[in-house]
There are 2 protein chains.
Amino acid sequence: MTGLPSDNHLPDNQVAAARARLAACFDVWSAGDFDLSLCPVRGVLDHLGDKWTTLIVIVLALRPHRFSEIRRAIPDISKRMLTQTLRDLERDGLIARRVFPTKPPSVEYSLTALGQSLLEPLTALVTWAEASRPAIEAARTAFETAEAAVP
Amino acid sequence: MTGLPSDNHLPDNQVAAARARLAACFDVWSAGDFDLSLCPVRGVLDHLGDKWTTLIVIVLALRPHRFSEIRRAIPDISKRMLTQTLRDLERDGLIARRVFPTKPPSVEYSLTALGQSLLEPLTALVTWAEASRPAIEAARTAFETAEAAVP
DNA sequence: CCGAATCCCTGTCGATACTG
DNA sequence: CAGTATCGACAGGGATTCGG
């Protein structure tokens, strides 16, 4: 692998600012009962960790989709999980559900303003993941060769 | 490509940029086998969705911690999960593990440069979650009263 | 003090079949 | 077309115990 050019010159008041904010958050969280379910971040992260949530958000970010359109866009998802994930997102106000009373009923899902506001941090994460992929893969192989050397 | 006159009165070019980037990503993903395990984003998101990963990252963002210090900082975590999550993070090169050969052995964990670079997008997400909490909670209660009205 | 191995319960997800 | 209901498989993760 190539030398890591971007890793050397380091932080960035941005990192410091991020750390400061996280410190404040952590302070608040640990002040209370430390009940994770109370933390709004947990709810968000749990959802993003769900297998399909982010994918659906991304699909709906492109344009509104109908139920079957999403299924076609994400072939591996089952009806069950699609319905469930869609409900969760609707429940949290991230997506809107419009029913058209046509003969074969059709339903359109779209991002709400709140859902659109999620795109920015989500994109930041996606961008980071892609940019960091080489480093992560390098770390993984390094880790595995290291553990293979010690047994 | 967008002719969407959606509901937004906050149509930032940021949202448009985010959507464009996500569209590009989605394009690439769906071009291949759509194998989710190949997607670097999945690996990242799955980890963040894990129950303890983000918390540990935040704790280590404050300053390096020893094993037992982390346990004290996050009382609810078990030794098992702490060890496991720490190893996963180390494997991905996000944290570093230093062993001190003191009389009772002690181990210090700290964020690597790569791990620090995660703080920025992570903080963006945390900030979003906190800012959106009122809206999400309002949506939830609205949703519940709505479903209570149509049983 | 740190971590690996075992047991077991729980929630989550997939496949299938059925309603409006 | 859109959604629900039920079942079974599987993995996440908590408690405990043993090893360095």
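Below, all heavy atoms of this structure are taken into account, side chains as well, without hydrogens, waters or symmetry copies. Note on naming: letters A, B, ... go to the chains in the order of the sequence lines (proteins, then strands), and numbering restarts at 1 for each one.
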Under the rule for salt bridge (Lys or Arg N to Asp or Glu O under 4.0 Å), what residues qualify as partners of A:Arg80, not counting sequence neighbours? none
Sorted by chain and residue number, the side-chain contact (heavy atoms from CB on, under 4.5 Å) partners of A:Thr127 (sequence neighbours excluded) come out as A:Thr123, B:Arg21
Mind listing the side-chain donor-acceptor pairs of residues 85-96 of chain A below 3.5 Å, one per line with the distance, residues two or more places apart or on another chain?
{"residue": "A:Thr85", "atom": "OG1", "partner": "A:Met81", "partner atom": "O", "Å": "2.7"}
{"residue": "A:Arg91", "atom": "NH2", "partner": "B:Glu144", "partner atom": "OE2", "Å": "2.5"}
{"residue": "A:Asp92", "atom": "OD1", "partner": "B:Arg140", "partner atom": "NH1", "Å": "2.8"}

Under the salt bridge (Lys or Arg N to Asp or Glu O under 4.0 Å) rule, collect the residues that match up with A:Glu130, sequence neighbours excluded. none
Chain A footprint on DNA chain C, 5' to 3' - any atom under 4.0 Å from a heavy atom: C:dC13 to C:dG20
With sequence neighbours excluded, tell me which residues meet salt bridge (Lys or Arg N to Asp or Glu O under 4.0 Å) with B:Asp46. B:Arg42
Keeping A:Thr53 on the side-chain end and A:His47 on the backbone end, is there a donor-acceptor pair under 3.5 Å? yes
With a 4.0 Å cutoff (strictly under), does any side-chain N or O of A:Thr102 reach OP1 or OP2 of D:dC1? no
Taking side-chain contact (heavy atoms from CB on, under 4.5 Å) as the definition, give me every residue that meets it alongside B:Ala129, ordered by chain and number, with sequence neighbours left out. A:Val41, A:Val44
With sequence neighbours excluded, what pairs up with B:Ala124 under the side-chain contact (heavy atoms from CB on, under 4.5 Å) test? A:Pro121
Roughly how many Å is it from CD in A:Glu90 to C1' in D:dA2, rounded to a whole number? 13 Å
Let me check I have this right: for DNA chain D, each base becomes ., (, ), [, ] or |, based on Watson-Crick or G-U pairs with both distances under 3.5 Å. What is the full string? ||||||||||||||||||||
Using a cut-off of 4.0 Å between protein heavy atoms and nucleotide atoms, how would you tag nucleotides 4-20 of chain D 5' to 3' with B, S and -? B-B------BBB----B
Just jot down the side chain to side chain donor-acceptor pair (under 3.5 Å) partners of B:Thr112, sequence neighbours excluded, or say none. none
What contact category does B:Arg97 fall into here, base, sugar-phosphate, or nothing, at under 4.0 angstrom with non-hydrogen atoms? sugar-phosphate
Could you list the donor-acceptor pairs under 3.5 angstrom formed by side chains in residues 98-109 of chain B, with sequence neighbours left out?
{"residue": "B:Thr102", "atom": "OG1", "partner": "B:Pro104", "partner atom": "O", "Å": "2.5"}
{"residue": "B:Tyr109", "atom": "OH", "partner": "B:Arg97", "partner atom": "NE", "Å": "3.3"}

Using a cut-off of 4.0 Å on non-hydrogen atoms, how would the nucleic acid contact of A:Tyr109 be classed: base, sugar-phosphate, or nothing? sugar-phosphate
